[in-house]
Amino acid sequence: MSQIPEFKNHIAGEWVAGADQRPNINPSDTDDVIGLYAQADAAQAEAAIAAAQAAFPAWAASTPQQRFDVLDAVGSELLARREEIGRLLSREEGKTLAEGVGETHRAAMIFKFFAAEALRGGGETLASVRPGVSVDVLRQPVGVVGLIAPWNFPIAIPAWKIAPALAHGNTVVFKPAELVPGCAWTLAEILSRTALPKGAFNLVMGAGSQVGQALVDSPRVRALSFTGSVATGRRLIAAAAARQAKVQAEMGGKNPLVVLDDADLGVAVNAAVQSAFFSTGQRCTASSRIIVTDGIHDRFVEAVVAKMKTLKVDHALKAGTDIGPVVDQRQLDQNLRYIDIARREGGTLAFGGEVVERETRGFFQVPALITGTTNAMTISREEVFGPVANVVRAGDYDEALALANDTEFGLSAGICTQSLKHAAHFKLHAQAGMVMVNLPTAGVDYHVPFGGTKGSSYGPREQGSHAREFYTTVKTAYTFPG
Ligand code: NAD
């Protein structure tokens, strides 16, 4: 039997063994152990924070060119290795190979975008209201930032936190999700070979309750960027606010996709199936609530089910697989529990939902569509985070919009219609941070802001030039030449 490789944390420029190790298991094949990954404890998290603090003056003083060179080199290497890293991503998280490679490509583009962002910098100079005085509004790095990521985008989410943090002169302690340390370690290894000062970037793999909590509690961590569940996010926001740290949190969704009578059926079916079930439905922007007006409802459901029947659920790395496995047993149990609740509350399982066996032992589930649901049912209120979507009927556009907005969440919302009037109205009145017209609710560009409203998000937006709001602090400087 071949030896299982072991991977360490990266603290103060050194590779450091953890207090413990955790196996990284392939959800397509639970006999496949990708590696044993170090698990830091709170003391090691503290050491990483201290290293980031020590490195801060040097990196904060780096030139835009130095920052560009580091980030551009990381982007180029990700691009060159996207097939290999994409394969690792699919192996540890379970999305298909095409999705894994696509996500790695996206991470590369994010690093390249923020390389250029380091050159663009920020700040402005204004004339004072007082004669002879000038005013500079300076953008300065915040300090040590703690970055906490979920498991569903193992390389894109770390990229869209690490790249802007470094571009704006901050130093980083990064804690990936327990289920996907492989891509995080690979990214750390690439960063370790750049010209970053030792300690400017630290990787601490480990439990949220230990390593994550240490980042949340440390007064030396001046800003926290979190993506994950609502429950963890809300605790983190409260703790950060109590010690006056900057905080940004992207959390769950129950994203509506409205389909109106006048929609192009092919476009609507594609948008629904793509955003509800691809990446195994494990996307915060997934269309999990499909709101369909009466005139198209039956034709739409029939066409969605026909399309679902063609989707191949299998090993993520197998050619021809459309839908990879669910990430783990816990998530699979949660998916099944929500399907059960939906049926007990009166919904009809129109298609799918069953657990299936394949050649390898994995967490394979056929995507599920539940019809006959109302917006009051549990399935319409709570995030499942799996390949499970439900259909709610609406009489007309006004009712559909009201249903779409009747949720505590506000991440992404979509509408399929050929009516310019309804599309324009929806773009203005959908209560969500991102709105899509005739497109899936999931799938966004890398150079523009990303984030939600209401219960989905807290703090400034991530990505694009807007990332500057979180990763810099503003200083206003007045000068009178004398
Ligand atoms: P999670 O909240 O369980 O974990 C997220 C991260 O927080 C992990 O790294 C975890 O270790 C860490 N953590 C756990 N306890 C902690 C603590 N006490 N202190 C600090 N950190 C702690 O979420 P998950 O299951 O990994 O991810 C799924 C969730 O993420 C879903 O709700 C999904 O909607 C959400 N998500 C949101 C977005 C977005 O941008 N809005 C994107 C992707 C995923």
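When a residue number appears, it is its place in the shown sequence, counting from 1. Predicted model only: the values in this text are computed from it and were never measured. Just follow the structure's listing: the first ligand is 1, and inside any ligand the first atom is 1.
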* Specify the protein heavy atom at minimum distance from atom 26 (O) of ligand 1: its residue, its atom name, and the distance to 0.1 Å. => W151 CD1, 3.1 Å
* Structure fact -> the protein heavy atom lying closest to atom 8 (C) of ligand 1 turns out to be A149 O, 3.3 Å
* Using a heavy-atom cut-off of under 4.0 Å, does the side chain or the backbone of L411 touch ligand 1, or both, or neither? -> side chain
* Structure fact -> Of all protein heavy atoms, the one nearest atom 38 (C) of ligand 1 is C284 SG, 2.9 Å
* If you count the atoms of ligand 1 from 1 in the order shown, which ones are under 4.0 Å from a heavy atom of E383? -> 31 (C), 32 (O), 33 (C), 34 (O)
* Using a strict cut-off of less than 4.0 Å between a Lys/Arg side-chain nitrogen and an Asp/Glu carboxylate oxygen, indicate whether E46 and R220 qualify as a salt bridge. => yes
* To do: For the residue pair W151 and F385, categorise the inter-ring angle as parallel (less than 30°), tilted (30 to 60°) or perpendicular (more than 60°).
  => perpendicular
* May I ask you to identify, for P176, whether its side chain, its backbone, both or neither come under 4.0 Å of ligand 1 on a heavy-atom basis? => backbone
* Asked: Is S456 close to ligand 1, meaning an N/O of one under 3.5 Å from an N/O of the other?
  -> no
* Structure fact -> When rounded to the nearest 0.5 Å, the distance separating CD of E92 from CG of D32 is 11.0 Å
* In the protein, what heavy atom is nearest to atom 23 (O) of ligand 1, and what distance, to one decimal place, separates them? -> S229 N, 3.3 Å
* Asked: Looking at atom 21 (N) of ligand 1, what's its closest protein heavy atom, distance included?
  -> G212 CA, 3.6 Å
* Evaluating non-hydrogen atoms only, which member of I148, N152, V211 is closest to atom 44 (C) of ligand 1? -> N152
* Got more than 12 heavy atoms from elsewhere within 6.0 Å of OH, Y458? -> no
* Asked: Any idea which protein heavy atom is nearest atom 15 (N) of ligand 1, and the distance to it?
  -> T232 CG2, 3.5 Å
* **Identity and distance of the protein heavy atom lying nearest atom 13 (N) of ligand 1** => G208 CA, 3.5 Å
* **Nitrogen or oxygen of E462 less than 3.5 angstrom from that of ligand 1** => no
* Asked: What about G228: any of its N or O atoms under 3.5 Å from an N or O on ligand 1?
  -> yes
* Test side-chain contact (heavy atoms from CB on, under 4.5 Å) applied to A223 - qualifying residues, sequence neighbours left out -> V142, V145, K246, F470
* Asked: Of all the atoms in ligand 1, which lie at a distance below 4.0 Å from a heavy atom belonging to F450?
  -> 40 (O)
* To do: State plainly whether the residues R234 and E408 are in salt-bridge range, i.e. N to O under 4.0 Å.
  => yes
* Asked: Does the distance from a Lys or Arg side-chain N to an Asp or Glu carboxylate O, for R193 and E189, drop under 4.0 Å?
  -> yes
* Any N/O of R235 closer than 3.5 Å to an N/O of ligand 1? -> no
* **F153 six-ring face occupied by K95 cation (under 6.0 Å, within 45°)** => yes
* Asked: For M251, is at least one N or O under 3.5 Å away from an N or O on ligand 1?
  -> yes
* Do any non-hydrogen protein atoms sit less than 4.0 Å from atom 19 (N) of ligand 1? -> yes
* Note: R344-D340 ion pair, threshold 4.0 Å (strictly below) -> yes
* Structure fact -> shortest atom 33 (C) of ligand 1-to-protein heavy-atom contact is with F385 CE1, 3.2 Å
* **Test item: side-chain donor near acceptor, N390 and S288, under 3.5 Å** => no
* **Atom indices of ligand 1 within 4.0 angstrom of I157 heavy atoms, with elements** => 42 (C), 43 (C)
* Structure fact -> Under 4.0 Å from one or more heavy atoms of Q213, ligand 1 contributes atoms 17 (C), 18 (N), 19 (N), 20 (C)
* Asked: Strictly by modelled atom types, are E6 and Q21 linked by a side-chain donor-acceptor pair under 3.5 Å?
  -> yes
* To do: Sequence neighbours left out, what pairs pass side-chain hydrogen bond (donor to acceptor under 3.5 Å, both in side chains) with at least one residue falling in residues 156-172?
  => W160-E462, K161-S225, K161-T227, K161-E462
* S412 side chain to T441 side chain, donor-acceptor N/O pair below 3.5 angstrom -> no
* **Test: D406 and R381 ion pair at under 4.0 Å** => yes
* Asked: Is the shortest N/O to N/O distance between W160 and ligand 1 below 3.5 Å?
  -> no
* Residue T227 vicinity, atoms of ligand 1 by number, heavy atom under 4.0 Å -> 5 (C), 36 (N), 37 (C), 38 (C), 39 (C), 40 (O), 42 (C), 43 (C), 44 (C)
* For F226, counting its heavy atoms only, list the atoms of ligand 1 lying under 4.0 Å from any of them. => 2 (O), 5 (C), 6 (C), 7 (O)
* Asked: Taking 4.0 angstrom as the limit, do E84 and R81 come out as a salt bridge?
  -> yes
* Structure fact -> Note: T285, heavy atoms under 4.0 Å from ligand 1, region reported as neither
